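Below is one structure, written out as structure tokens; the observations come after it.
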Amino acid sequence: MKQTRILHLLQSNRPVDNVIIKGWVRTRRDAKGFSFIEVNDGSCLKNMQVIADSSLVNYKEITKLSTGSAVAVTGSLMESPGKGQKWELKADGLEILSLTPDTFPLQKKRHSDEFLRTIAHLRPRTNKYSAVFRIRSELSFAIHKFFKDRGFKYIHTPVLTASDCEGAGELFKVTTLDLDSVPKKDGKTDFSLDFFGAATSLTVSGQLSAEMFALALGDVYTFGPTFRAENSNTSRHVAEFWMVEPEMAFSDLNDAMDLSEEFLKYLTGYVMDECVDDLELFAKYVDKNLMKTLEGLITSDFTRLSYKEAMEILSKSGQTFEFEVGFGKDLQSEHERYLTEHYFKKPVIIYDYPKNIRPFYMRINDDNKTVAAMDVLVPNIGEIIGGSQREERINVLEARLDKLGLSKKDYWWYVESRRYGSAYHSGFGLGFERLLMFLTGVTNIRDVIPFPRTPSSISF
RNA sequence: UCCCCAGUAGCUCAGUUGGCAGAGCAGAUGGCUGUUAACCAUCAGGUCCGCGGUUCGAGUCCGUGCUGGGGAGCCA
């Protein structure tokens, strides 16, 4: 007989005979003549309360059931006379699939996130982490649905790459060379003998590849892992993270801003509708203001202001910042947080950044000082989206590469896309984990990704 | 990479001016009970992160290393 998921059973509107559930024991409470066993199968936050009567042949073993044990229970779904739940499963049979020894590190009580990170292979068995990863799954689906509904095509951009996308971030090198005896030529590593015949690394962004496809299929997006070998030790950085990058042909900076706002509102609304129970856990135990923040995002129009205007607000704010405010300087975390959390108290889009603090592919504005770039800032997180209109004029692009000392040869295919049928286009990148942090109120990025990769930490 | 904080039982933590190592939960045993972070009693459980130093005496003070966390930079 096939198991029924607990999620499904708890939504039942009538008693059901002859069902089977399979899951893990969260806790057992013995009563006179029977035992209450809370079973969770991961389909939802809630447990199924199983009633195991002492008449069961293996009742003696059942009263030894420990937290974490795997069981299969057959029985009848009945209305519960107790208070905490509508339904319970009266067991006809309870098979102990595996009995967990008392060294099982998870208890019914709350654990610290720091401790759970040290047992990342077991933490999805807790309420909080199962909720995080169910939401992560729903959110992934919502991303695909959003784009599909709008005619975007999903592009699988490569993970292995020879080009350093933006000069952004340190790269993880990929090689099959024998590291104990690396072939040298003129004192340097001879990558012509490597697997691809060229220096290779893990991608830091799918954007450049996505642009090629936008200039063919129109509206496209990528959604996949990216890798940065930066020695960042913060609650907002991991070395392997997932990024969503839409790219739209015949689209300018305003279109990108419009899409980013619509996108964030859609995803927030989707999770609020589809993950009610899981979200409630975060609103109750992680961030008391969570629902207010999420509703705020959905209902408010994002404030849009230029970098110049943002600078004026900051310098007139009367606030003392650790970092100086001034044109040509990038916005620091404290500036972003002041704008979105204190001044506007809602999401803010800042656009037209000075060109000298932005990468080569962003389109230079007519003032020749700024580029058509935009960042979306949200409360609690800061920058969640960064995007731009791309430079479609081949002469301007080549001049920019030269000026920044980047090799036109390395980017030959990228430049060539501007030679043949070039068209204005724009796009942005959204940090998937940062969005999850925003939606759950979880404050450490290590806790919204299954197995976080951070400097000197890759045990799992 | 820089600044700050922390490390005590399986887990969450307390530990006073330097003076016998503590509680709750988890575990074991027994009891009670349609319970729901069940409850009650008893028992068991320790390299006080490692190394070095000061002291009659160090969990406590000093130095150093390791690990974790918070903040910053870099960025998504």
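Lettering of chains follows the sequences in order, A, B, ..., and the numbering in each one begins at 1. Just so we're clear, the structure is a prediction, and the values are computed from it rather than from any experiment.
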Notebook entry, point to check: side-chain hydrogen bond (donor to acceptor under 3.5 Å, both in side chains) with A:Ser55: which residues, sequence neighbours excluded?
Noted result: A:Asp53

Notebook entry, point to check: Under 4.0 angstrom, heavy atoms only, what part of the nucleic acid is A:Ser112 near: base, sugar-phosphate, or nothing?
Noted result: sugar-phosphate

Notebook entry, point to check: Distance from A:Tyr351 atom OH to A:Gln389 atom CD, nearest 0.5 Å?
Noted result: 13.5 Å

Notebook entry, point to check: For A:Met437 and B:C75, what is the distance between atoms CE and P respectively, to the nearest whole Å?
Noted result: 18 Å

Item checked: Smallest separation among heavy atoms of A:Met212 and A:Ser417, with atom names -> CE-OG, 3.4 Å

Next item on the list: Would you mind classifying the nucleic acid contact of A:Ile384 as base, sugar-phosphate or nothing, using non-hydrogen atoms under 4.0 angstrom?
Entry: sugar-phosphate

Notebook entry, point to check: Quick one: side-chain contact (heavy atoms from CB on, under 4.5 Å) partners of A:Ser66, sequence neighbours excluded?
Noted result: A:Ser69, A:Leu99, A:Thr100

Next item on the list: With P as the reference atom in both, quote the distance from B:C61 to B:G18 in angstrom, rounded to an integer.
Entry: 8 Å

Next item on the list: Specify the residues of residues 7-15 of chain A, ordered by number, for which at least one heavy atom lies under 4.0 angstrom from an atom of RNA chain B.
Entry: none

Check: Which whole number of Å gives the distance between the C1' atom of B:G30 and that of B:C49?
Finding: 38 Å

Check: Which is true for A:Gln107 with a 4.0 Å heavy-atom rule: it touches a base, it touches only sugar-phosphate, or it touches nothing?
Finding: base

Item checked: Partner set under salt bridge (charged side-chain N to carboxylate O under 4.0 Å, His left out) for A:Asp301, not counting sequence neighbours -> A:Lys265

Check: What interatomic distance, in whole Å, is found between C1' of B:A9 and the corresponding atom of B:A26?
Finding: 11 Å

Next item on the list: Can you tell me, in whole Å, how much space there is between the C1' of B:G24 and that of B:U8?
Entry: 15 Å

Notebook entry, point to check: Between B:A6 and B:U16, how far is it from one P atom to the other, in whole Å?
Noted result: 14 Å

Checklist line | Footprint string (nucleotides 31-48 of chain B, 5' to 3'): B base within contact, S backbone only, - free, heavy atoms under 4.0 Å | finding: --BBBBBB----------

Note to self: Once salt bridge (charged side-chain N to carboxylate O under 4.0 Å, His left out) is applied, what residue pairs with a partner in residues 277-290 of chain A remain, sequence neighbours excluded?
What the structure shows: A:Lys46-A:Asp277, A:Arg134-A:Asp278

Checklist line | side-chain hydrogen bond (donor to acceptor under 3.5 Å, both in side chains) against A:Asn380, all qualifying residues, sequence neighbours excluded | finding: none

Notebook entry, point to check: Hey, is A:Asp252 close enough to A:Arg363 for a salt bridge, meaning N to O under 4.0 Å?
Noted result: no

Next item on the list: Identify the nucleotide, in any strand shown, that forms a Watson-Crick or G-U wobble pair with B:G46, with both distances under 3.5 Å; if there is none, say none.
Entry: none

Checklist line | Euclidean distance, atom CD of residue A:Glu433 to atom C1' of B:C75 [Å, nearest integer] | finding: 14 Å

Notebook entry, point to check: Residues two or more places apart in sequence or in another chain: which of them pass salt bridge (charged side-chain N to carboxylate O under 4.0 Å, His left out) with A:Arg28?
Noted result: A:Asp30

Notebook entry, point to check: With rounding to whole Å, what would you report as the distance between B:U17 and B:A58 at their C1' atoms?
Noted result: 14 Å

Checklist line | Under the side-chain hydrogen bond (donor to acceptor under 3.5 Å, both in side chains) test, residues paired with A:Arg337 that sit two or more places apart | finding: A:Glu341

Next item on the list: Could you work out the separation of B:A28 and B:G65 based on their C1' atoms and round it to a whole Å?
Entry: 39 Å

Note to self: Strictly by Watson-Crick or wobble contacts shorter than 3.5 Å, is anything paired with B:C56, and which nucleotide is it?
What the structure shows: B:G19

Next item on the list: Determine whether the aromatic ring centres of A:Tyr221 and A:Tyr154 lie less than 6.0 Å apart.
Entry: yes

Next item on the list: For B:G63, give its Watson-Crick or G-U wobble partner with both distances under 3.5 Å, or none.
Entry: B:C51

Margin query: Tell me the interatomic distance from A:Leu106, atom CG, to B:C25, atom P, rounded to whole angstroms.
Written below: 19 Å

Next item on the list: Under 4.0 Å between any heavy atoms, over every strand shown, what does A:Val238 touch: base, sugar-phosphate, or nothing? Just pick one.
Entry: base

Next item on the list: Take atom CZ of A:Phe432 and atom C1' of B:C75, then tell me their distance rounded to the nearest Å.
Entry: 19 Å

Note to self: Rounded to whole Å, please give me the gap between CD1 in A:Ile445 and P in B:C75.
What the structure shows: 16 Å

Check: Considering only the C1' atoms, how many Å lie between B:U42 and B:C5, rounded to the nearest integer?
Finding: 40 Å

Checklist line | Residue closer to the 5' end of RNA chain B, A:Ser66 versus A:Phe241 (nearest nucleotide) | finding: A:Ser66

Next item on the list: Nearest whole angstrom, please: distance from the P of B:C75 to the OH of A:Tyr353.
Entry: 12 Å

Could you list all N or O pairs between the protein and nucleotides 68-73 of chain B that sit under 3.5 Å apart?
unit_1	atom_1	unit_2	atom_2	d
B:G69	OP1	A:Arg117	NH1	2.8
B:G70	OP1	A:Asn444	ND2	3.0
B:G70	OP2	A:Asn444	ND2	3.4
B:G71	OP2	A:Ser235	OG	3.2
B:A72	N6	A:Asn233	O	3.2
B:G73	OP1	A:Gln332	OE1	2.5
B:G73	OP2	A:Ser333	OG	3.2
B:G73	N2	A:Asn231	O	3.3

Check: Is A:Arg150 close enough and on-axis enough to A:Tyr266, meaning under 6.0 Å and within 45°, for cation-pi?
Finding: yes

Item checked: Euclidean distance, atom CG of residue A:Leu171 to atom P of B:C75 [Å, nearest integer] -> 14 Å

Next item on the list: Taking side-chain hydrogen bond (donor to acceptor under 3.5 Å, both in side chains) as the test, write out the residues that go with A:Thr454, two or more places apart.
Entry: none

Next item on the list: Quick one: which residue pairs count as a ring pair (Phe, Tyr, Trp, His ring centres under 6.0 Å) with a foot in residues 70-118 of chain A, not counting sequence neighbours?
Entry: A:His111-A:Phe115

Next item on the list: Both distances under 3.5 Å, Watson-Crick or G-U wobble: report the partner of B:A26, or none.
Entry: none

Margin query: Classify A:Lys64 by what it touches in the nucleic acid, base, sugar-phosphate, or nothing, heavy-atom distance under 4.0 Å.
Written below: sugar-phosphate

Checklist line | Pairing partner of B:C2 (Watson-Crick or G-U wobble, both distances under 3.5 Å) | finding: B:G71

